[in-house]
*Asks:* 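The structure is given below, and queries will be raised subsequently.
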Amino acid sequence: MQIFDYQPPSVPWIDLRYQDRDLIIINKPSGLLSNPGRAAHTFDCALTRLQRLYPDTILVHRLDCATSGIMVFARNKKAESQLKTQFQDRQNEKVYIAEVMGLIAKDAGIIDLAIAPDPEHPPYQKTQTAGTAGAKSALTHYRVLERRENSTLVELTPQTGRTHQLRVHMLALGHPILGDEFYGDDEVIKARPRLSLHAQSLRFTHPYSGKAMHFYSKHPFSV
């Protein structure tokens with residue numbers, strides 16, 4: 001099992017994109033936890049940084065530490081409940097951009113592979129036959145944006161929110177995400193200084209007004 005060496009970035013300390021009485025939107029940098037871990041040195045995270053500015057901040061969803069991009073937080077219990085319901089019922093739309101190893105042959109496709117925890121190597125996940133004990137259905141749409149010399153820039157739209165879903169699905173497709181220290185081999189890990197996965201777009205309904213909300217942060221994987 002890998003040792004988690006946590007060195008959260010200090011710049012930007014917080015990239016605040018929007019806030020009102022019900023919610024907060026940030027662009028989380030790669031390397032910053034969404035919420036605190038069990039160890040004392042993991043207290044510094046997106047949630048605790050926001051709570052220094054807005055003490056009423058409540059976590060709604062998570063991005064992996066190495067994943068960057070758009071996150072939404074609630075500022076009261078009603079907003080928290082409503083936003084979490086949208087995530088659970090798939091009433092929102094999350095779009096990610098990833099740079100993966102190799103050239104994906106098809107321009108678009110669907111990855112429909114159940115995911116389950118790997119009991120011998122926690123917290124790793126693995127694809128599993130649907131119906132197997134512990135396996136949960138997982139569905140990801142992908143669309144090729146650009147084929148490069150030895151990699152592919154791809155848009156990923158998950159229809160479910162399983163742990164490490166995009167990383168595990170792209171690995172199963174034969175195209176691991178560059179810089180992935182969890183699921184990549186040495187070549188994949190050394191290819192990029194960070195995990196090449198970014199939550200670029202998030203659409204949801206405002207928990208109070210009912211207005212359609214859309215937030216965007218362009219991916220940093222340009223050539």
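Start at 1 with the first residue, then count along the sequence.
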*Asks:* Can you measure from CG (L83) to CD1 (I58) and round to the nearest 0.5 angstrom?
*Replies:*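 Reported value, rounded in 0.5 Å steps: 10.0 Å.
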
*Asks:* Please confirm whether the backbone N or O of K78 pairs with a side-chain atom of S81, one donor and one acceptor, at under 3.5 Å?
*Replies:*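 No.
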
*Asks:* Going by ring pair (Phe, Tyr, Trp, His ring centres under 6.0 Å), name the residues that satisfy it together with Y6, two or more places apart in sequence or in a different chain.
*Replies:*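 Result, ring pair (Phe, Tyr, Trp, His ring centres under 6.0 Å) vs Y6: F4.
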
*Asks:* Looking at every heavy atom in both L171 and P176, which two are closest together, and how far apart are they?
*Replies:*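 For L171 and P176, the tightest heavy-atom pair comes out as CD1-CB, 4.0 Å.
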
*Asks:* Are L32 and L47 connected in the hydrophobic side-chain network, where two residues link if heavy atoms are under 4.5 Å apart?
*Replies:* no

*Asks:* If hydrophobic clusters are built from ILVMFWY residues whose side chains come within less than 4.5 Å, do I97 and L166 share one?
*Replies:* no

*Asks:* Enumerate the ring-ring contact (aromatic ring centres under 6.0 Å, His included) contacts for residues 26-55, please, sequence neighbours excluded, ordered by first and then second residue.
*Replies:*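 Listed once each, the pairs would be none.
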
*Asks:* Does a side chain donor of either Q165 or T140 reach within less than 3.5 Å of an acceptor in the other side chain?
*Replies:* yes

*Asks:* Say you draw a straight line from CG of D180 to CG of L195; how long is it, rounded to the nearest 0.5 Å?
*Replies:* 5.0 Å

*Asks:* Any donor and acceptor pair, going by atom type alone, linking the side chain of N76 with main-chain N or O of A79 inside 3.5 Å?
*Replies:*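 Here the side-chain-to-backbone pair exists.
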
*Asks:* Check whether any side-chain heavy atom of V188 lies under 4.5 Å from a side-chain heavy atom of D185, and answer yes or no.
*Replies:* yes

*Asks:* Only pairs at least two apart or in different chains count here, so list each ring-ring contact (aromatic ring centres under 6.0 Å, His included) that has a residue in residues 95-114.
*Replies:* none

*Asks:* With distance as the sole test, does S201 use its side chain to make a donor-acceptor pair with the main-chain N or O of Y216 at under 3.5 Å?
*Replies:* no

*Asks:* Is there a side-chain contact between P207 and L23, using heavy atoms and a 4.5 Å cut-off?
*Replies:* yes

*Asks:* For I14 and R52, what are the C-alpha separation, side-chain angles and deciding distance, and is it a side chain to side chain contact (heavy atoms under 4.5 Å, CB included)?
*Replies:* CA-CA 11 Å; I14 199 75; R52 289 175 62 179; over 6 Å; no

*Asks:* Applying side chain to side chain contact (heavy atoms under 4.5 Å, CB included), run through Y183 and Y124 and close with a yes or a no.
*Replies:* CA-CA 8 Å; Y183 299 98; Y124 290 79; 3.7 Å; yes

*Asks:* So, do Q82 and D22 sit near enough that their side-chain heavy atoms are less than 4.5 Å apart?
*Replies:*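 No, their side chains stay 4.5 Å or more apart.
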
*Asks:* May I ask you to decide if R148's main-chain N or O and S151's side chain share a donor-acceptor pair within less than 3.5 Å?
*Replies:* no

*Asks:* Sorted by first residue and then second, give each salt bridge (charged side-chain N to carboxylate O under 4.0 Å, His left out) pair with at least one member in residues 149-159; sequence neighbours left out.
*Replies:* R143-E155

*Asks:* Could you tell me which residues satisfy side chain to side chain donor-acceptor pair (under 3.5 Å) with N92, sequence neighbours excluded, listed by chain and number?
*Replies:*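 None.
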
*Asks:* Sequence neighbours left out, what passes salt bridge (Lys or Arg N to Asp or Glu O under 4.0 Å) with K106? Give chain and number order.
*Replies:*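 K106 satisfies salt bridge (Lys or Arg N to Asp or Glu O under 4.0 Å) with no residue once adjacent residues are dropped.
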
*Asks:* Answer yes or no: is there a donor N or O on one side and an acceptor on the other, between the side chain of R49 and the main chain of W13, under 3.5 Å?
*Replies:* yes

*Asks:* Would you sort out whether M71 and L202 count as a side chain to side chain contact (heavy atoms under 4.5 Å, CB included), showing the intermediate values?
*Replies:* CA-CA 8 Å; M71 286 188 71; L202 177 62; over 6 Å; no

*Asks:* Can you tell me how the ring of H198 sits relative to the ring of F221, calling it parallel under 30°, perpendicular over 60° and tilted otherwise?
*Replies:*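 H198 vs F221 ring planes: perpendicular.
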
*Asks:* Just by modelled atom types, is the I104 backbone N or O under 3.5 Å from a matching donor or acceptor in the T152 side chain?
*Replies:* yes

*Asks:* Only counting residues at least two apart or in another chain, list the ones meeting ring pair (Phe, Tyr, Trp, His ring centres under 6.0 Å) with Y18.
*Replies:* F215

*Asks:* Assigning hydrophobic clusters by single linkage (Ile, Leu, Val, Met, Phe, Trp, Tyr; side-chain heavy-atom cutoff under 4.5 Å), is L59 placed with V72?
*Replies:*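 Each belongs to a different hydrophobic cluster.
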
*Asks:* Got a list of side-chain donor-acceptor pairs under 3.5 Å for residues 125-138, not counting sequence neighbours?
*Replies:*
unit_1	atom_1	unit_2	atom_2	d
Q125	NE2	P123	O	3.3
T132	OG1	T129	O	2.8

*Asks:* Apply side chain to side chain contact (heavy atoms under 4.5 Å, CB included) to T205 and Q91, showing your working.
*Replies:* CA-CA 8 Å; T205 301; Q91 297 170 351; over 6 Å; no

*Asks:* Say whether, by atom type as modelled, one donor and one acceptor occur between the side chain of H175 and the main chain of M101 under 3.5 angstrom.
*Replies:*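 Yes: the side chain of H175 pairs with the backbone of M101.
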
*Asks:* Side chain of Q200, backbone of H219: donor and acceptor closer than 3.5 Å?
*Replies:*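 Looks like yes, one N/O pair under 3.5 Å.
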
*Asks:* What pairs of residues pass the salt bridge (charged side-chain N to carboxylate O under 4.0 Å, His left out) test when at least one of them lies in residues 24-38, not counting sequence neighbours?
*Replies:*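 Of all non-adjacent pairs touching residues 24-38, none passes salt bridge (charged side-chain N to carboxylate O under 4.0 Å, His left out).
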
*Asks:* Are L63 and L197 joined in one hydrophobic group, where the rule is that I, L, V, M, F, W and Y side chains link up if heavy atoms are under 4.5 Å apart?
*Replies:*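 Same cluster: L63 reaches L197 through Ile, Leu, Val, Met, Phe, Trp or Tyr contacts under 4.5 Å.
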
*Asks:* Can you run down the salt bridge (charged side-chain N to carboxylate O under 4.0 Å, His left out) pairs that involve residues 211-220, sequence neighbours left out, and say none if there aren't any?
*Replies:* none

*Asks:* Mind checking what makes side chain to side chain donor-acceptor pair (under 3.5 Å) contact with R75, not counting sequence neighbours?
*Replies:*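 Side chain to side chain donor-acceptor pair (under 3.5 Å) list for R75, sorted by chain: Q19, D56.
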
*Asks:* Would V144 and L173 show up in the same hydrophobic cluster when neighbours are defined by side-chain heavy atoms closer than 4.5 Å?
*Replies:* yes

*Asks:* Would you check if the side chain of T160 reaches a backbone N or O of L139 as a donor-acceptor pair within less than 3.5 Å?
*Replies:*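 Present.
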
*Asks:* Are D107 and R147 close enough, and set up right, to give a salt bridge (charged side-chain N to carboxylate O under 4.0 Å, His left out), and what steps lead you there?
*Replies:* CA-CA 10 Å; D107 289 339; R147 292 182 178 90; 2.8 Å; yes

*Asks:* Search all heavy atoms of K94 against all heavy atoms of F87 and return the closest pair with its distance.
*Replies:*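 Heavy-atom minimum between the residues: CD-CE2, 4.0 Å.
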
*Asks:* Would Y142 and H169 count as having a side-chain donor-acceptor pair, cut-off 3.5 Å?
*Replies:*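 No - no donor-acceptor pair under 3.5 Å links their side chains.
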
*Asks:* Applying ring pair (Phe, Tyr, Trp, His ring centres under 6.0 Å), can you list everything that pairs with Y208, at least two apart in sequence or on another chain?
*Replies:*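 Counting only residues at least two positions away or on another chain, Y208 forms no ring pair (Phe, Tyr, Trp, His ring centres under 6.0 Å).
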
